[in-house]
Participant: 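Dropping the structure in here first, questions after.
Keep in mind that this is a model prediction, so the values were computed, not measured.
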Amino acid sequence: MMKRIFSLRLAACMVLLFALVGATGAVKPAQAATTHTPIIFVHGLGGSASNFTFIEGFLARQGWSSNEMYAIDLPTKNGVQTLNAAAIRNLVDDVLARTGSTKVNIVAHSMGGANSLYYILNYGGASKVDKLITLGGANRLTTNSAPAGVNVTSIYSINDQIVSNYLSNLDGANNIRIYGVMHIGLLANSTVNGHILDALQQ
């Protein structure tokens, strides 16, 4: 019953997000070798690639180019782990081939955190992901601990009414709890952006 309530709340929240940020988005093709480790953005339940517009804009102002940032539209919006993890694997492999990089970083929101962890743990991602940064991630739906060899940062808010702090907090991760930001607000908040930048630069 609790999982059903969680899913319904999250789905409703993502519908609101579309109204705020837009519901379309696509993976941007790389055009040259990268200076930074490429970033892949993974959305949550009912989300889309466009959910990361504000974060991408912030990182662009910090020096990341368009061919260093990719946002995926997952094939299932209800969080089917196997299908979504396979799609993440395919994009990671494509980005590595396009850019010549040996690893990627992942920034994931909500259920995107659980899907990204599932990819890392079950689809060979541990050797291809340098850093995983989750925002209000439903991480413990996949695992209780940060995967070995991956630098995990979990950013979550005490005011999140969709994903409990317990689900976001991972053993062995850099767990950062903030205040005054709702679940969707994690995608467009200057404090969160600062923590993302710090985690990417570690």
Participant: How many angstroms lie between atom CG of Asn115 and atom CD1 of Ile88, to the nearest 0.5 angstrom?
Facilitator: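 Output value for this atom pair is 5.5 Å.
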Participant: Quick one: do Arg140 and Asp171 make a salt bridge, cutoff under 4.0 Å?
Facilitator: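 Salt bridge present between Arg140 and Asp171.
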Participant: Which atom pair, heavy atoms only, marks the closest approach of Tyr118 to Thr142?
Facilitator: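 Distance-wise, the nearest heavy atoms are N-CG2, 3.6 Å.
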Participant: Is it possible for you to say whether Tyr156 and Phe54 belong to one hydrophobic cluster, with membership spreading through side-chain heavy-atom contacts below 4.5 Å?
Facilitator: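 In one cluster: no.
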Participant: Could you tell me the separation between the NZ atom of Lys128 and the OH atom of Tyr123, rounded to the nearest 0.5 Å?
Facilitator: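 Lys128 atom NZ to Tyr123 atom OH measures 13.0 Å (nearest 0.5 Å).
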Participant: With sequence neighbours left out, write down each residue that passes side-chain hydrogen bond (donor to acceptor under 3.5 Å, both in side chains) with Ser168, or none if nothing qualifies.
Facilitator: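 Here no residue qualifies.
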Participant: Drop me the distance from Ile162's CD1 to Leu167's CG, to the nearest 0.5 angstrom.
Facilitator: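 Atom-to-atom, Ile162:CD1 and Leu167:CG are 12.0 Å apart.
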Participant: When hydrophobic residues are tied together by side-chain contacts of less than 4.5 Å, even through go-betweens, does Ile55 share a cluster with Val181?
Facilitator: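 Linked, Ile55 and Val181 end up in one cluster.
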Participant: What's the spacing between Leu59 CG and Ile39 CD1 if we round to 0.5 Å?
Facilitator: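 So the gap between those two atoms works out to 5.0 Å.
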Participant: Give the ring-plane orientation class for Phe52 versus His109, where under 30° counts as parallel, over 60° as perpendicular and anything between as tilted.
Facilitator: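 Perpendicular.
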Participant: With rounding to the nearest 0.5 angstrom, report the CG to CG distance, Asn144 to Asn169.
Facilitator: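 Result: 10.0 Å between the selected atoms.
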Participant: Would Trp64 and Leu197 satisfy side-chain contact (heavy atoms from CB on, under 4.5 Å), going step by step from the backbone distance to the final call?
Facilitator: CA-CA 11 Å; Trp64 271 260; Leu197 182 62; 3.6 Å; yes
Participant: Would you say the side chains of Ser110 and His183 form a donor-acceptor pair under 3.5 Å?
Facilitator: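 Ser110 vs His183: donor-acceptor pair found between side chains.
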Participant: Working to the nearest 0.5 angstrom, can you tell me the gap between His36 NE2 and Gln62 CD?
Facilitator: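 Nearest 0.5 Å value for the NE2-CD distance: 9.5 Å.
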Participant: Closest heavy-atom contact between Glu56 and Ala71?
Facilitator: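 Nearest pair, atom of Glu56 first, then Ala71: OE1-CB, 4.5 Å.
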Participant: So do Val129 and Tyr119 actually touch side chain to side chain, heavy atoms under 4.5 Å?
Facilitator: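 Yes, close enough: below the 4.5 Å cut-off.
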Participant: Identify, with sequence neighbours excluded, every residue that meets side-chain hydrogen bond (donor to acceptor under 3.5 Å, both in side chains) alongside Arg89.
Facilitator: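 In terms of side-chain hydrogen bond (donor to acceptor under 3.5 Å, both in side chains), with neighbours along the sequence ignored, Arg89 is linked to no residue.
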Participant: Donor-acceptor pair, distance only, cut-off 3.5 Å: does the side chain of Asn51 make one with the backbone of Ser48?
Facilitator: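 Yes.
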Participant: Before giving the answer on side-chain contact (heavy atoms from CB on, under 4.5 Å), spell out for Ile40 and Leu91 the whole-Å C-alpha distance, their side-chain angles and the decisive distance to 0.1 Å.
Facilitator: CA-CA 8 Å; Ile40 291 176; Leu91 178 58; 3.8 Å; yes
Participant: Tell me whether Tyr70 contacts the main-chain N or O of Asn67 through its side chain, where contact means a donor paired with an acceptor under 3.5 Å.
Facilitator: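 Flag set: sc Tyr70 to bb Asn67 pair under 3.5 Å.
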Participant: Identify the two heavy atoms, one from Asn165 and one from Ser157, that lie closest to each other, and give their separation to 0.1 Å.
Facilitator: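 Nearest heavy atoms, Asn165 then Ser157: ND2-O, 2.9 Å.
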Participant: Do Val150 and Val104 sit in one hydrophobic cluster, given that two such residues count as connected whenever their side-chain heavy atoms are within less than 4.5 Å of each other, even indirectly?
Facilitator: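 Result: yes, single cluster for both.
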Participant: Judged by atom type as modelled, is there a donor-acceptor pair below 3.5 Å linking the side chain of Lys131 to the main-chain atoms of Val152?
Facilitator: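 No, because the side chain of Lys131 does not come within donor-acceptor range (under 3.5 Å) of the backbone of Val152.
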Participant: Could you tell me whether the side chain of Lys77 reaches within less than 4.5 Å of the side chain of Met111, counting heavy atoms only?
Facilitator: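 Met111 vs Lys77: side chains apart.
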Participant: Considering non-hydrogen atoms only, spot the tightest contact between Pro147 and Leu121 and give its length.
Facilitator: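 Result for this residue pair: CB-CD2, 3.9 Å.
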Participant: Which pair of non-hydrogen atoms, one from Ala199 and one from Ile133, has the smallest distance, and what is that distance?
Facilitator: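 In terms of heavy atoms, the two residues are closest at CB-CD1, 3.6 Å.
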Participant: Which pair of non-hydrogen atoms, one from Ala114 and one from Ala138, has the smallest distance, and what is that distance?
Facilitator: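 Smallest heavy-atom distance, with atoms named: CB-O, 3.3 Å.
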Participant: Using side-chain contact (heavy atoms from CB on, under 4.5 Å) as the criterion, point out the one residue from Asp160, Val192, Asn159, Ile158 that pairs with Ile178.
Facilitator: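 Only match with Ile178 under side-chain contact (heavy atoms from CB on, under 4.5 Å): Val192.
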Participant: Strictly distance-based, threshold 3.5 Å: is any side-chain N or O of Asn175 a donor or acceptor partner for the main-chain N or O of Ser154?
Facilitator: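 Judged by distance alone, no pair lies under 3.5 Å.
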Participant: Start with the C-alpha gap between Asp130 and Thr37, add the side-chain angles, then the distance that decides, and say whether side chain to side chain donor-acceptor pair (under 3.5 Å) holds.
Facilitator: CA-CA 9 Å; Asp130 183 26; Thr37 299; 4.9 Å; no
Participant: Could you walk me through whether Thr82 and Asn122 satisfy the side-chain contact (heavy atoms from CB on, under 4.5 Å) test, starting with their C-alpha distance in whole Å, then the side-chain angles of each, then the deciding distance to 0.1 Å, before giving a yes or no?
Facilitator: CA-CA 9 Å; Thr82 53; Asn122 298 288; over 6 Å; no
Participant: Do Glu68 and Thr35 have side-chain heavy atoms sitting under 4.5 Å apart?
Facilitator: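 Result yes, sub-4.5 Å side-chain heavy-atom pair found.
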Participant: So, using side-chain hydrogen bond (donor to acceptor under 3.5 Å, both in side chains) as the criterion, who are the partners of Asn189 when residues are at least two apart?
Facilitator: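 In terms of side-chain hydrogen bond (donor to acceptor under 3.5 Å, both in side chains), with neighbours along the sequence ignored, Asn189 is linked to no residue.
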Participant: Test Leu117 against Leu132 for side-chain contact (heavy atoms from CB on, under 4.5 Å), laying out the working first.
Facilitator: CA-CA 8 Å; Leu117 285 162; Leu132 170 64; 3.5 Å; yes
